[in-house]
Number of protein chains: 2
Amino acid sequence: MTTRTDAPTRREQILKEAARLFAERGFHGVGVDEIGAAVGISGPGLYRHFPGKDAMLAELLVGISGQLLTGAKRRLAEAEGVTSSEVLLDSLIEGHIDFALDDRPLITLHDRELDRLRDTDRKLVRQLQRQYVELWVEVVREVYPELAEPSARSAVHSVFGLLNSTPHLGRPGSLPGRGATAELLHRMARGALAAASAG
Amino acid sequence: MTTRTDAPTRREQILKEAARLFAERGFHGVGVDEIGAAVGISGPGLYRHFPGKDAMLAELLVGISGQLLTGAKRRLAEAEGVTSSEVLLDSLIEGHIDFALDDRPLITLHDRELDRLRDTDRKLVRQLQRQYVELWVEVVREVYPELAEPSARSAVHSVFGLLNSTPHLGRPGSLPGRGATAELLHRMARGALAAASAG
DNA sequence: CCTTCAGGTTAACGACCGCTAACCTCCCTG
DNA sequence: CAGGGAGGTTAGCGGTCGTTAACCTGAAGG
């Protein structure tokens with residue numbers, strides 16, 4: 001994990017605020033003037049950094065999917081041969097929870113605004129998502145070999161639903177603390193998968 | 001359960017198609033002309049049945065929340081004293097799964113377009129949702145008394161996330177069949193709650 | 001010192017969208 | 001058989017939104 005110390009670029013500011021606004025009011029519910037105002041410039045000024053509003057959403061969604069997949073692949077590679085499938089599954093769950101807790105607006109966008117993308121971008125995001133799911137399915141089936149593949153895939157999607165529920169958990173502060181929440185989600189995910197395999 | 005045999009009214013047709021379109025492309029992404037076309041009339045014709053586009057969304061969301069809460073209250077009343085909390089919890093889960101499997105577009109809208117409502121409608125929906133959650137929390141805490149209330153509430157929200165994942169499970173047909181899917185979701189929900197309580 | 005360019009600004013255009021107005025046409029009923 | 005309401009139609013208004021055009025400015029570089 002490389003920690004950044006330099007200031008965020010204007011592009012990054014824009015993406016961050018756009019993600020927040022899109023998550024709050026939906027892609028079509030946010031105007032470019034609003035996004036500009038959120039970073040201290042006015043609407044058309046955004047076009048110095050992005051070719052259009054669509055491109056911001058596309059970059060956000062492709063970034064999310066890619067980041068999730070990359071992280072999962074890294075965990076898979078690190079575990080290769082040195083740890084059990086059980087530990088690898090825990091690592092995948094942990095990675096997804098970190099993302100769901102730290103980037104709630106992005107998690108919200110991820111399964112909400114996909115259909116607003118142009119065909120080419122949407123296909124790319126779908127492909128990244130599919131690879132991420134398949135990676136999970138393989139690991140889950142190693143831990144629970146008696147789970148048939150279609151059931152495993154459904155179970156994985158459902159676990160994503162469970163983990164991605166963080167935006168509904170109330171603002172950070174009403175929660176029992178980040179660590180406790182992460183632990184709770186982790187236990188529930190494992191419990192759900194175990195129960196899925198006990199068919 | 002009273003089964004309807006009479007034809008749906010025009011109002012009901014409109015609501016059904018509007019729900020589907022809103023779920024597919026978002027509230028702001030659908031025009032009134034499109035909704036009208038989906039039921040064979042043209043845009044402004046809708047205003048004979050609804051005062052505006054907002055009213056359709058409001059009626060849908062209030063209807064969903066009310067239906068979920070009413071069903072849960074009925075199950076609670078039927079179980080009063082005659083069955084264990086365990087059986088009641090299973091009944092709640094079953095009711096929610098039926099809804100998630102039979103009315104996918106509505107489930108999608110339910111946690112996606114709430115913020116597009118007028119203040120008064122949004123408050124009403126939030127109140128209904130809160131009552132539904134609290135009802136679940138009470139039953140869950142009867143089954144798992146060692147679960148503290150904040151954790152129980154988080155767990156319930158997460159289970160909703162799990163059960164509401166049905167729209168991501170692929171079109172009906174790629175699934176192992178409705179019964180098997182319902183059973184899988186049920187097992188996973190119970191497993192997740194059991195694991196939550198084992199802290 | 002002049003040029004260039006990145007990164008802004010405001011004005012405005014064209015398209016779209018929710019909604020209203022005005023009108024039409026059955027069908028039911030007294 | 002009048003007539004009135006239910007449920008449509010098309011035309012069009014007013015506002016909003018994404019985008020472009022034209023212009024400005026401050027800092028870097030030869």
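Just so we're on the same page: letters track the sequence lines, and every chain starts at 1. As the structure is a computational prediction, the values presented were derived from the model and not from experiment.
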(message) Rounding to an integer number of Å, can you tell me how far A/Arg11 CZ sits from C/dG7 P?
(response) 11 Å

(request) Quickly work out the B/Ile35 CD1 to C/dC17 C1' distance and round it to whole Å. (result) 12 Å

Review item, side-chain donor-acceptor pairs of residues 125-133 of chain A, under 3.5 Å, at least two apart:
| unit_1 | atom_1 | unit_2 | atom_2 | d |
| --- | --- | --- | --- | --- |
| A/Gln129 | NE2 | A/His110 | NE2 | 3.2 |
| A/Tyr132 | OH | A/His96 | ND1 | 2.7 |
| A/Tyr132 | OH | A/Trp136 | NE1 | 3.2 |

(request) Check side-chain hydrogen bond (donor to acceptor under 3.5 Å, both in side chains) between A/Glu142 and all other residues, then give those that pass, not counting sequence neighbours. (result) A/Ser85

(request) Not counting sequence neighbours, which residues clear side-chain hydrogen bond (donor to acceptor under 3.5 Å, both in side chains) with A/Asp98? List them please. (result) A/Arg178

(request) Could you note down all residue pairs passing side-chain hydrogen bond (donor to acceptor under 3.5 Å, both in side chains) where residues 40-63 of chain A supplies at least one of them, sequence neighbours left out? (result) A/Arg11-A/Glu59

(request) At under 4.0 Å between heavy atoms, which parts of nucleotides 4-19 of chain D does protein reach? Answer with one letter per nucleotide, 5' to 3': B base, S sugar-phosphate only, - none. (result) ---BBBBB------SB

(request) Would you please name every residue forming a ring pair (Phe, Tyr, Trp, His ring centres under 6.0 Å) with B/Phe27, sequence neighbours left out? (result) B/Phe22

